[in-house]
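This is a predicted model, so every value here is computed, not measured.
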Amino acid sequence: MVSSINLDILGGPRMWNGHKLSLDIDREQEVDVNDDLVLELAFYAQALEGTRQALLKFQSKRLPFLRPSDYHAEMSKSDGHMKKLEGRLLAEKRKIEKLKERAKQKEEEIESVKKWRKQRGADWVCQWW
């Protein structure tokens, strides 16, 4: 049994002008449609084989099939909204760094007080002897 897959590949001006790719995939055996596991496995195998064939055809026709390295997907949020989020994240990061710095300073002050008390106790003992 032969399944036919047709893909219309339409991209933006930087990607593709529009190509049509047709694939024929041979299935060696009939699939029991009542067995979900076998059916899923058949779908997976068909998709995998179709992908392999498509990549080979793209390569043979020297068509690009990967995104360019400078490609940016269209985002669901506006640039203004993303800049606002970035500002919030940076402010939160600065706040956390300040808190860590304060905790470190507090720890150092506690250590210096402990040292001072220890020294003071030693001085007080020396005065009595």
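Within 6.0 Å of CD on Glu108 lie more than 12 heavy atoms contributed by other residues, nucleotides or ligands.
With rounding to the nearest 0.5 Å, the separation of CD in Gln46 from CD in Glu49 is 9.5 Å. Distance OG/Ser112 to CD/Gln119: 13.0 Å, rounded to 0.5 Å. Distance check, rounded to the nearest 0.5 Å: CZ of Arg102 to NZ of Lys98 gives 7.0 Å. Note that CG of Asp35 is 8.0 Å distant from CG of Leu39, once rounded to the nearest 0.5 Å. Of the inter-residue distances, the one linking Asp36 atom CG with Leu41 atom CG reads 12.5 Å to the nearest 0.5 angstrom. Interatomic distance, CG of Leu56 versus OG1 of Thr51, reported as 11.0 Å (0.5 Å rounding).
Taken together through direct or relayed side-chain contacts under 4.5 Å among Ile, Leu, Val, Met, Phe, Trp and Tyr, Val38 and Phe43 form part of one hydrophobic cluster. By the criterion of side-chain heavy atoms lying less than 4.5 angstrom apart, applied directly or through intervening Ile, Leu, Val, Met, Phe, Trp or Tyr residues, Leu66 is grouped together with Leu63 in one hydrophobic cluster.
Glu111 has its side chain within reach of Lys114: a pair of non-hydrogen atoms, C-beta onward, lies under 4.5 Å apart. Contact check for Glu92 versus Arg88: no side-chain heavy atoms found under the 4.5 Å cut-off.
For the residue pair Gln105 / Glu109, no side-chain donor-acceptor distance below 3.5 Å is found, with atom types taken as modelled.
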